[in-house]
Amino acid sequence: MGRWRFTGVVALILLLSAASHGRELPVKKSGQSFVYNHTLAKSLVEYASAVYMTDLTALYTWTCSRCNDLTQGFEMRSLIVDVENCLQAFVGVAHNLNSIVVAIRGTQENSVQNWIKDLIWKQLDLSYPNMPNAKVHSGFFSSYNNTILRLAITSAVRKARKSYGNINVIVTGHSMGGAMASFCALDLAMKLGSDSVQLMTFGQPRVGNAAFASYFAKYVPNTIRVTHGHDIVPHLPPYFSFLPQLTYHHFPREVWVHDSEGNTTEQICDNSGEDPKCCRCISMFSLSIQDHFTYLGVDMEADDWSTCRIIGAQSVKKFYKELTSNIIMAKHNVDVSIVEPSKQRDLSSFR
Ligand SMILES: *[C@@H]1O[C@H](CO)[C@@H](O)[C@H](O)[C@H]1NC(C)=O
Ligand SMILES: *[C@@H]1O[C@H](CO)[C@@H](O)[C@H](O)[C@H]1NC(C)=O
Ligand SMILES: *[C@@H]1O[C@H](CO)[C@@H](O)[C@H](O)[C@H]1NC(C)=O
């Protein structure tokens, strides 16, 4: 199988990082420990799964095939689509959680394998603004900061908090969507205060260095980073502990979901961000892509694997046609922000 050969190549590079048990740069411990709640995780993984759906009308009216179960009654407030950069997100109110939920979609390219292979070479090439020594990958950061996402999400959150009082914001996403969700949560926490923002991501890659992880733990203490079994993505870009200043470093707190002796365990990891007893204990040669596509039993793949651009454009066109009738269906005004290819600058250089 192609997948196995692919995993072998990645494993070879990761072997280097596994062999390196040198000096580790500890992430500054933050005082309080945020409690992992399985029921909440189950709801949020359903939101992170729903944001992959390509039928915008069904998403907008919250009638998609994944728009049920624990997410029933979700009040969609803003649907955000960036066709050129293949980004999709929504903001709304989950009344049963008394929270605003922000969900950001992961990569929806026809080759997730290529995307994962590229992750190995991502450089820490951007100094995070106003955080001395904190470095991040510019592509992950720019996909949030320098696209429609930042403006559309922050404005939708502000409006929702105006309508419902200053309720909490929970940000979620899977894979690349988890990376963008991290930058979004940090941005919101700096604006609204750390107590108002929670982050829960699923199978996200590393996004910055140890200094960045320390700041992150301070600004967004209510963070859970769920990893699953042998999922390869949380192992990338690689962590080289013999290069503490140069290497990527996860922020806390990981919860590693894995099967042991027939039972599913949700293991709460230490607050270092790189707990060697959690997903890092998996042998580099048994990492897999398969485990990346299911979290807590929920399907995390796009419902259509055609290339993002074509689907995006078709879906958008159809959506515009149907929008008129759906406006009557919605009990409130839903903001729709769509950026089409012709209407924006090229961001491909960030990727
Ligand atoms: C877990 O989260 C659910 C949903 O938000 C909530 O109803 C429940 O009370 C929480 N449980 C604990 C122990 O906090
Ligand atoms: C992030 O976006 C803001 C505008 O939304 C811009 O002023 C700022 O320069 C961006 N930061 C970086 C590091 O690109
Ligand atoms: C797995 O679950 C079964 C039934 O709940 C229990 O009897 C058994 O002890 C569990 N095994 C482990 C290793 O936790």
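Computed from a prediction, not measured in an experiment: that's the story for all the values here. Start at 1 with the first residue, then count along the sequence. Counting starts at 1 for both ligands and their atoms, in listed order. Side chains are part of it too, since the values below use all heavy atoms of this structure and drop only hydrogens, waters and symmetry mates.
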task: Give the atoms of ligand 2, by number and element, whose distance to some non-hydrogen atom of Asn146 is under 4.0 Å.
output: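 Counting atoms of ligand 2 from 1, those under 4.0 Å from Asn146 are 1 (C), 2 (O), 10 (C), 14 (O).
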- prompt: In the protein, what heavy atom is nearest to atom 13 (C) of ligand 2, and what distance, to one decimal place, separates them?
  reply: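 Going atom by atom, the protein heavy atom closest to atom 13 (C) of ligand 2 ends up being Phe141 CE2, 3.5 Å.
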query: How far is atom 10 (C) of ligand 2 from its nearest protein heavy atom, and which residue and atom name does that atom have?
result: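 Ranking protein heavy atoms by distance from atom 10 (C) of ligand 2, first comes Asn145 ND2, 2.5 Å.
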query: Would you say the side chains of Tyr239 and Glu274 form a donor-acceptor pair under 3.5 Å?
result: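 Side-chain D/A pair, Tyr239 to Glu274: absent.
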Distance-only polar pair, side chains of Asn209 and His249, donor-acceptor under 3.5 Å: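 Side chains of Asn209 and His249: no pair found under 3.5 Å.
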- prompt: Are Cys281 and Cys278 within a span of less than 2.5 Å, counting SG to SG?
  reply: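 Disulfide absent: SG-SG distance not under 2.5 Å.
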task: Kindly work out whether a path of hydrophobic side-chain contacts (I/L/V/M/F/W/Y, heavy atoms less than 4.5 Å apart) joins Ile120 to Leu287.
output: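 Looking at the clustering, Leu287 is in the same group as Ile120.
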query: Would you call Lys122 and Asp118 a salt bridge, taking side-chain N to carboxylate O under 4.0 Å as the test?
result: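 Here Lys122 does not pair with Asp118 in a salt bridge, since their nearest N and O are not under 4.0 Å apart.
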message: If you take the nearest heavy atom of each of Leu40, Val35, Asn37, which one is closest to atom 14 (O) of ligand 1?
response: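 The option holding the nearest heavy atom is Asn37.
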query: Got a protein heavy atom sitting under 4.0 Å from atom 5 (O) of ligand 2?
result: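 Protein heavy atoms within 4.0 Å of atom 5 (O) of ligand 2 - there is at least one.
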- request: Scan the protein's non-hydrogen atoms and note whether one is under 4.0 Å from atom 2 (O) of ligand 2.
  value: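 Neighbour list for atom 2 (O) of ligand 2 includes protein heavy atoms (cut-off 4.0 Å).
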query: So do Arg77 and Ser163 actually touch side chain to side chain, heavy atoms under 4.5 Å?
result: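 Yes, at least one pair of side-chain atoms sits under 4.5 Å.
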task: Output the list of atoms in ligand 1 that are nearer than 4.0 Å to some heavy atom of Leu97, sorted by atom number.
output: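 Matching atoms, with element in brackets: 4 (C), 5 (O).
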